[in-house]
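Note that the coordinates shown come from a computational prediction; the quantities given were computed from them, not determined experimentally.
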Amino acid sequence: RSFAQSLLRFLGFLFWGAAAAHVFGGVWIILMFKNYRYLFQESYLSLPGWLALTTALILLPTGVLALSLSVKCSRNKQGTLMYLLLLLLCLEMSSAALARSYCLRTTSQVETAMGYLVHQHNWTCSQDPGNSAMDVIQRKLQCCGVHNYTDWLKASSSFYHPACVPESCCKDKHSHCRGDLGHVEQLSEEGCLKKLEDQLCLAMLFIFWCCIVLSILELLAGISNGILMRHQPFHELRIL
């Protein structure tokens, strides 16, 4: 019993730390989908982020209950803690499944949306920096095209191949770059699809592993709480 109380006390602090991690991961995912909303048409794709924030809110009272039970056992608190742990376990499994599947599903959607933005971009070899959606993406991610800079050449008319790409493809350290194909070394080598996919999967994997680790901690808390409930049984509610 003393070991179960000590473990609950330790887990109570860990739940507060896990709440902070879930807030960070949830805000990360929500802001990412907000910043690149023109690439993600479905609003439900940010659902893992909102589930992470909901989990963080429930983790705060769960941590308080775990700490209070480690000091003094209460039948009402023990039952409430069990229900909260069960609710958290359901949320964690849902978040982990969504995060894992979205990481795989969104790649084709992003590739199609980026290809459309490239084909719709009307650029010329001028000193106009450009403020289209694709220009914004390329500046944020320091990338060029969907896969590389040659996507811009394929997007141009078959009768007219400009000797440049949009200036947003230029690397930050080359302030005099104008997207001239004669100076390919001044352009970002990596395509935007891979960079955005890496960022998205990193955020989703962060949520996924947070959920897995927290689920293990919740199981330990449930076992510890069960040990304490066994020492103080619900005699009048045994039928439940």
Side-chain angles (χ1 to χ4, degrees), residues 25-52 95 97-175 177-208:
V27 171
W28 184 6
I29 290 177
I30 292 170
L31 289 180
M32 181 175 294
F33 281 101
K34 183 180 180 182
N35 291 334
Y36 302 104
R37 56 188 175 276
Y38 25 77
L39 296 176
F40 304 102
Q41 304 300 325
E42 293 86 355
S43 58
Y44 66 83
L45 290 175
S46 60
L47 185 58
W50 292 109
L51 285 177
S95 298
L98 288 175
R100 191 63 181 167
S101 62
Y102 285 179
C103 181
L104 303 174
R105 286 178 51 193
T106 53
T107 302
S108 59
Q109 178 183 341
V110 172
E111 184 175 9
T112 302
M114 278 189 181
Y116 176 78
L117 291 177
V118 168
H119 282 277
Q120 292 297 311
H121 195 292
N122 185 20
W123 85 98
T124 57
C125 297
S126 65
Q127 294 188 3
D128 180 15
N131 293 307
S132 69
M134 198 62 195
D135 288 317
V136 174
I137 293 173
Q138 291 184 149
R139 288 195 192 95
K140 280 184 179 179
L141 299 177
Q142 279 296 288
C143 57
C144 187
V146 181
H147 300 97
N148 51 51
Y149 74 92
T150 59
D151 292 320
W152 289 106
L153 303 181
K154 299 173 185 176
S156 63
S157 169
S158 57
F159 301 103
Y160 170 64
H161 294 278
C164 67
V165 295
E167 284 188 32
S168 54
C169 284
C170 295
K171 297 177 181 177
D172 285 339
K173 61 182 180 181
H174 298 291
S175 57
C177 174
R178 294 291 176 264
D180 187 2
L181 290 177
H183 301 281
V184 181
E185 71 279 357
Q186 297 180 353
L187 306 177
S188 300
E189 299 91 355
E190 201 168 0
C192 297
L193 178 63
K194 186 179 185 307
K195 280 205 168 184
L196 184 57
E197 181 184 354
D198 289 345
Q199 284 193 14
L200 177 63
C201 285
L202 180 62
M204 291 296 183
L205 283 176
F206 178 82
I207 288 293
F208 176 81

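Here the straight-line distance linking atom NZ of K140 with atom NZ of K195 works out to 14.0 Å at 0.5 Å rounding. Annotation: the span from N35 atom CG to L31 atom CG amounts to 6.0 Å, rounded to 0.5 Å. Summarising the geometry, atom OG1 belonging to T112 is positioned 11.0 Å from atom CG belonging to L117; distances are rounded to the nearest 0.5 Å. The structure places CD1 of I207 at 11.0 Å from CG of L98, a figure rounded to the nearest 0.5 Å. Here the straight-line distance linking atom CG of N148 with atom CG of L193 works out to 11.0 Å at 0.5 Å rounding. To the nearest 0.5 Å, atom CD1 of residue I29 and atom CZ of residue F206 are 9.0 Å apart.
The minimum heavy-atom distance between S46 and I30, with the atom names listed, is O-CG1, 4.4 Å. Heavy-atom minimum distance, D135 versus S168: OD1-OG, 2.7 Å. The two residues C192 and C144 have their closest heavy-atom pair at SG-N, 3.9 Å. Of all non-hydrogen atoms in G115 and V146, the two that sit nearest each other are N-CG2, 3.9 Å. Smallest separation of non-hydrogen atoms from D151 and G145: OD2-C, 3.8 Å. Considering every non-hydrogen atom in both S95 and A52, the closest pair reads OG-N, 4.5 Å.
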What verdict does the side chain to side chain contact (heavy atoms under 4.5 Å, CB included) test give for Q142 and E190, after you've listed the backbone C-alpha separation in whole Å, the side-chain angles of each residue and the deciding distance to 0.1 Å?
CA-CA 8 Å; Q142 279 296 288; E190 201 168 0; over 6 Å; no

Open item on the list: Run the side chain to side chain contact (heavy atoms under 4.5 Å, CB included) test on E197 and V110 for me, step by step, so that the C-alpha distance in whole Å, both residues' side-chain angles and the decisive distance to 0.1 Å come before the verdict.
Closed with: CA-CA 8 Å; E197 181 184 354; V110 172; over 6 Å; no

Start with the C-alpha distance between L196 and I137, add both sets of side-chain angles, then the distance that settles side chain to side chain contact (heavy atoms under 4.5 Å, CB included), and finish with yes or no.
CA-CA 9 Å; L196 184 57; I137 293 173; 5.7 Å; no

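Looking at heavy atoms from C-beta onward, L202 lies in side-chain contact with W28 at the 4.5 angstrom threshold.
Ion pairing between a basic and an acidic side chain is recognised when a charged N comes within 4.0 Å of a carboxylate O; K171 and E189 show such pairing.
Other residues, nucleotides and ligands contribute more than 12 heavy atoms inside 6.0 Å of the OH atom of Y36.
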